[in-house]
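Reading through the structure tokens given below for one structure.
Positions are given from 1, in the same order as the sequence printed here.
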Amino acid sequence: MSRTPPPFAAFEWMIAWRYLRASRAQGGVSTMTVISLLGITLAVFALIATLSVRAGFRAEFVDTILGANAHVSVIGGSHVDADGRTLRGFADYEAVTERLRALPGVTSAAPVVRGQVMANANGRNAGVEIYGMRAEDIAAIPRIADGGELARLEEGIAIGQGVAQELGVTVGDRIRLISPDGARTAFGTSPRVNSYEVVHVFSVGRWDIDRTRVYLPLAEAQGYLNREGLADEVQVSVTDPEQIERHTAALLRAGGENAYLWTWRDSAGAFLRALDIEDNVMFVIMSVLVLIATLNIVSGLIMLVKNKGRDIGILRTMGLTEGSILRIFFLCGASTGVVGTALGVGLGCLFAIHIDTVFSAINWMSGGQAWDPSIRGIYALPALLRVQDVVSAVALSLGLSFVVTIFPARRAARMNPVEALRYE
């Protein structure tokens, strides 16, 4: 009694392997197989490289935001003081800060005064933005405190690396800050000019921050910016900045009447949404490239089926079923997709891991003009290799490879053995 062999039996793998490695003289399509293999490899490599670079760019961009800025700013509204003057900010900022700091999920809260002034040194000028904060609060900002000593901040000023380069100064030099809204006299407002020693130069990895930001002690900044007894806002950090919306109601209540919020998503929301759209578009475009590469499998299999018509007829007369013939040619095409995908994943992962070396080589060949931080905001091209990106690339490549293989494999399975052997 004959027994039907199970699907994908050993003999089906053996026949598929012989067809794949056969030379053209033997009716094989080894050259076409190699071309299909290279196409899928390069397409998967390009897909993983693109996804890793996009993920790295987003992660670095968000990290520079969260590493140098508060997760949310509680901004004081306008109010009238005892002298009838309309003031903006928090007069009771100490109490507001304590209320905010006591909220669940809040890791820090710091009062801040801000203002835009002109910095001058060595005959050079630069527009800068003052952040007036307590020294201990500045030291708690990750990317500001990195690589520097802030113990002397009460004695001077901390400036961004871009400001230092623009003015040609370093630690120990002095710079002048010039504010048009200075001392109020009987003859009007005169500019205020103060000189400060540079005690710290920081770099947060964002060109727009390093190029404009300076830090002064809170009390000094209040006097310099005419904010005596006031704080413009209280900057708050939370445990999970990605879920900042969960904290907004409690922060507004603690901020008091007329207070409003400005989160990190508000400041970078449009850019992040643009990145999401670009990610989706790039995935679609690269998916089309993978599809084009897998179509080479169809061409190779059609040629293989044509060249192996006599073999198919013999196998059918020997008792092989249509299912066995279909699986044999399916294995021929699918194995090309599997090997090409594996090679592409390996190349893509190597590219993401060694992105710094690759980028350095490209930057050297382009004369240092491959990346402009003033346009892109960050100083280097990052890459983040994520499991979900690799899985999506593998699933897409294998799925397309298997689907396109079915059609020529079915053609081979449905071939009439009599017709295949008639003219042999």
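Separating the CD atom in Glu155 from the CD atom in Glu197 is a distance of 7.5 Å, to the nearest 0.5 Å. How far CG of Leu167 is from CD1 of Ile159: 6.5 Å, rounded to the nearest 0.5 Å. In this structure, CG in Leu51 is found 8.5 Å from CE in Met282, a value given to the nearest 0.5 Å. Summarising the geometry, atom CD1 belonging to Ile285 is positioned 9.5 Å from atom OG1 belonging to Thr50; distances are rounded to the nearest 0.5 Å. For the atom pair CD1 of Ile292 and CD1 of Ile40, the computed distance is 12.5 Å after rounding to the nearest 0.5 Å. Interatomic distance, CD of Glu245 versus CG of Asp240, reported as 10.0 Å (0.5 Å rounding).
Of all non-hydrogen atoms in Val163 and Thr212, the two that sit nearest each other are CG2-N, 3.8 Å. Of all heavy-atom pairs spanning Leu261 and Asp266, the tightest one is O-OD2, 4.2 Å. Of all heavy-atom pairs spanning Gly256 and Arg99, the tightest one is N-NH2, 4.3 Å. What you find for Ile48 and Ala393 is that their closest heavy atoms are CG1-CB, 3.6 Å. Considering every non-hydrogen atom in both Thr97 and Ala110, the closest pair reads CG2-N, 4.4 Å. For the pair Gly123 and Asn120, the tightest heavy-atom approach, listed with the atom from each and the gap, is C-ND2, 4.4 Å.
Side chain of Asp389 to backbone of Ser52: no donor-acceptor contact under 3.5 angstrom is found. Between the Asn280 side chain and the Asp276 main chain, a donor and an acceptor come within less than 3.5 Å of each other. No side-chain donor-acceptor contact under 3.5 Å links Thr107 to the backbone of Thr239. Distance alone, capped at 3.5 Å, is enough to place a donor-acceptor pair between the Thr405 side chain and the Ser401 backbone. Distance alone, capped at 3.5 Å, is enough to place a donor-acceptor pair between the Thr294 side chain and the Leu291 backbone. In this structure, the side chain of Thr41 engages the main chain of Gly340 through a donor-acceptor pair within 3.5 Å. Counting only distance, with no hydrogens or angles, the side chain of Trp262 and the backbone of Val74 share no donor-acceptor pair below 3.5 Å. A donor-acceptor contact shorter than 3.5 Å is absent between the side chain of His71 and the backbone of Pro241. Although no hydrogens or angles enter the test, the distance criterion places no donor-acceptor pair under 3.5 Å between the side chain of Tyr215 and the main chain of His200.
The closest side-chain heavy-atom distance from Trp264 to Ile244 is below 4.5 Å. Between Asp279 and Phe57, the closest side-chain pair of non-hydrogen atoms is not below 4.5 Å. Side chains of Met133 and Leu218 form no contact here, defined as non-hydrogen atoms less than 4.5 Å apart. Side-chain atoms of Leu216 and Leu177, non-hydrogen and from C-beta on, do get closer than 4.5 Å to each other. Inter-residue side-chain proximity for Asp232 and Leu225 is flagged as unmet; no heavy-atom pair is nearer than 4.5 Å. The closest side-chain heavy-atom distance from Tyr131 to Val112 is below 4.5 Å. The shortest distance between side-chain heavy atoms of Tyr224 and Ile130 falls below 4.5 Å. When side chains are defined from C-beta on, Phe90 does not count as touching Pro111, because their heavy atoms never get closer than 4.5 Å.
Comment: Arg227 does not engage Glu220 in a salt bridge, judged by the lack of any side-chain N to carboxylate O separation of less than 4.0 angstrom.
Environment of CZ in Arg101: crowded, with over 12 heavy atoms of neighbouring residues, nucleotides or ligands closer than 6.0 Å.
For the salt bridge (Lys or Arg N to Asp or Glu O under 4.0 Å) test, no residue two or more places apart in sequence or in another chain qualifies with Glu136. Qualifying salt bridge (Lys or Arg N to Asp or Glu O under 4.0 Å) partners for Arg273, counting only residues two or more places apart in sequence or in other chains: none.
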For side-chain contact (heavy atoms from CB on, under 4.5 Å), just list the numbers for Cys349 and Val345, CA-CA rounded to whole Å, side-chain angles, deciding distance to a tenth of an Å, and then say yes or no. CA-CA 6 Å; Cys349 293; Val345 169; 4.0 Å; yes

Should Glu242 and Arg265 be marked as a salt bridge (charged side-chain N to carboxylate O under 4.0 Å, His left out) after you check the CA-CA gap, both sets of side-chain angles, and the distance that decides it? CA-CA 9 Å; Glu242 293 287 348; Arg265 287 190 180 278; 2.6 Å; yes

Check the pair Arg176, Ser195 against side-chain hydrogen bond (donor to acceptor under 3.5 Å, both in side chains), reporting the backbone distance first and the verdict last. CA-CA 4 Å; Arg176 295 191 304 165; Ser195 177; over 6 Å; no

Between Val236 and Leu251, does a side-chain contact (heavy atoms from CB on, under 4.5 Å) hold up when you go through it step by step? CA-CA 9 Å; Val236 178; Leu251 291 172; 4.2 Å; yes

Chi angles and distances behind the side-chain contact (heavy atoms from CB on, under 4.5 Å) call for Arg134, Ile138: CA-CA 6 Å; Arg134 296 165 178 157; Ile138 300 175; over 6 Å; no

Does Gln161 form a side-chain contact (heavy atoms from CB on, under 4.5 Å) with Gln165? I'd like the steps, not just the answer. CA-CA 6 Å; Gln161 184 181 54; Gln165 293 175 349; 3.9 Å; yes

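Remark: the Arg213 side chain and the Asn69 side chain contain an N/O donor-acceptor pair separated by less than 3.5 Å.
The stretch residues 109-132 participates, sequence neighbours left out, in these salt bridge (charged side-chain N to carboxylate O under 4.0 Å, His left out) pairs: Arg114-Glu129, Arg114-Glu233.
Using cut-offs of 30° and 60° for the angle between ring planes, the Phe45 and Phe351 rings count as perpendicular.
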